[in-house]
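Structure record follows, encoded as structure tokens.
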Amino acid sequence: MPRPLGELEDAVMTRVWQWNRPVTVREVLEDLQQERSIAYTTVMTVMDNLHQKGWVRREVEGRAYRYTAVSTRAAYSAALMNEAWAQSDNPAAALIAFFGMMSQDQREALNDAIRIVQRDTPPATPPEEGGEGTGGGER
């Protein structure tokens, strides 16, 4: 399970996820500088750390690296939710509390997701009678 991204890591990854293409430190820097004062070396260090942590892969292009996200923002969010849920000593109560915090739009998105999962999941098949472990065979 990934640890939550730090504030600057999240700002960098948000751009990598949104742009959905290989990006350079310079591109991320120039976009971040629209919001804050930040040095090239800071962004370079953050992107190197994200590479070391497995969030991005990088390929050399000329004298610079191009970074690409390893997974999606949705997969990251799902992993965080799963980890938080797994930490509960009462998963059902945690889900009920979580659902209670949701907006109507979030509940509709949840219902849509459940319909998709149910549609794409084959029904469970009951065990065959007389199979192993049923005591019906000869010894």
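The shown structure was predicted, so the numbers you read here are calculated from the model rather than taken from an experiment. One-based numbering along the sequence shown.
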Exercise for the section: Check the pair Val43 / Arg26 against side chain to side chain contact (heavy atoms under 4.5 Å, CB included), numbers first and verdict last. Expected result: CA-CA 8 Å; Val43 177; Arg26 175 78 48 205; over 6 Å; no
Exercise for the section: May I have the step-by-step check of side chain to side chain contact (heavy atoms under 4.5 Å, CB included) for Arg58 and Thr68, ending in yes or no? Expected result: CA-CA 6 Å; Arg58 65 185 180 194; Thr68 308; over 6 Å; no
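A salt bridge links Glu7 with Arg36: the distance from a Lys NZ or Arg NE/NH1/NH2 to an Asp or Glu carboxylate oxygen falls below 4.0 Å. Using a 4.0 Å cut-off between a side-chain N of Lys or Arg and a carboxylate O of Asp or Glu, Arg66 and Glu27 qualify as a salt bridge.
Separating the CG atom in Asn82 from the CD atom in Gln87 is a distance of 10.0 Å, to the nearest 0.5 Å. With rounding to the nearest 0.5 angstrom, the CE atom of Met44 is 10.5 Å from the CG atom of Asn49. The line from OG of Ser71 to CE of Met13 is 6.5 Å long, rounded to the nearest 0.5 Å. Remark: Thr42 OG1 to Met47 CE distance equals 13.0 Å, nearest 0.5 Å.
Using a 4.5 Å cut-off between side-chain heavy atoms of Ile, Leu, Val, Met, Phe, Trp and Tyr, with links allowed through other members, Val16 and Val60 fall into the same hydrophobic cluster. One hydrophobic cluster, built from ILVMFWY side chains closer than 4.5 Å, cannot hold both Leu95 and Val117; they sit in different ones.
At least one side-chain heavy atom of Met102 sits under 4.5 Å from a side-chain heavy atom of Leu110. Contact check for Arg21 versus Val23: side-chain heavy atoms found under the 4.5 Å cut-off. Two residues are said to be in side-chain contact when any heavy atoms from C-beta on lie closer than 4.5 Å; Trp55 and Leu5 meet this criterion. Inter-residue side-chain proximity for Arg15 and Leu32 is flagged as met; some heavy-atom pair is nearer than 4.5 Å. Using a 4.5 Å heavy-atom threshold, the side chains of Met81 and Phe98 count as touching. For the pair Lys53 and Glu9, the minimum side-chain heavy-atom distance is below 4.5 Å. Under the 4.5 Å side-chain criterion, counting only non-hydrogen atoms from C-beta, Leu8 is in contact with Ile38. Side-chain contact between Glu59 and Tyr65: absent, with no pair of heavy atoms (C-beta onward) separated by less than 4.5 Å.
Pairs passing the salt bridge (charged side-chain N to carboxylate O under 4.0 Å, His left out) check and including a residue from residues 88-108, sequence neighbours excluded, do not occur.
Although no hydrogens or angles enter the test, the distance criterion places a donor-acceptor pair under 3.5 Å between the side chain of Trp85 and the main chain of Pro91. No side-chain donor-acceptor contact under 3.5 Å links Gln118 to the backbone of Arg115.
Across Trp19, Tyr67, Tyr40, a single residue satisfies side chain to side chain contact (heavy atoms under 4.5 Å, CB included) together with Val28, and that is Trp19.
Considering only residues two or more places apart in sequence or on other chains, Arg119 meets the salt bridge (Lys or Arg N to Asp or Glu O under 4.0 Å) condition with none of them. Trp17 meets the ring pair (Phe, Tyr, Trp, His ring centres under 6.0 Å) test with Tyr76; sequence neighbours excluded.
Side-chain polar atoms of Arg73 and Thr14 form a donor-acceptor pair below 3.5 angstrom.
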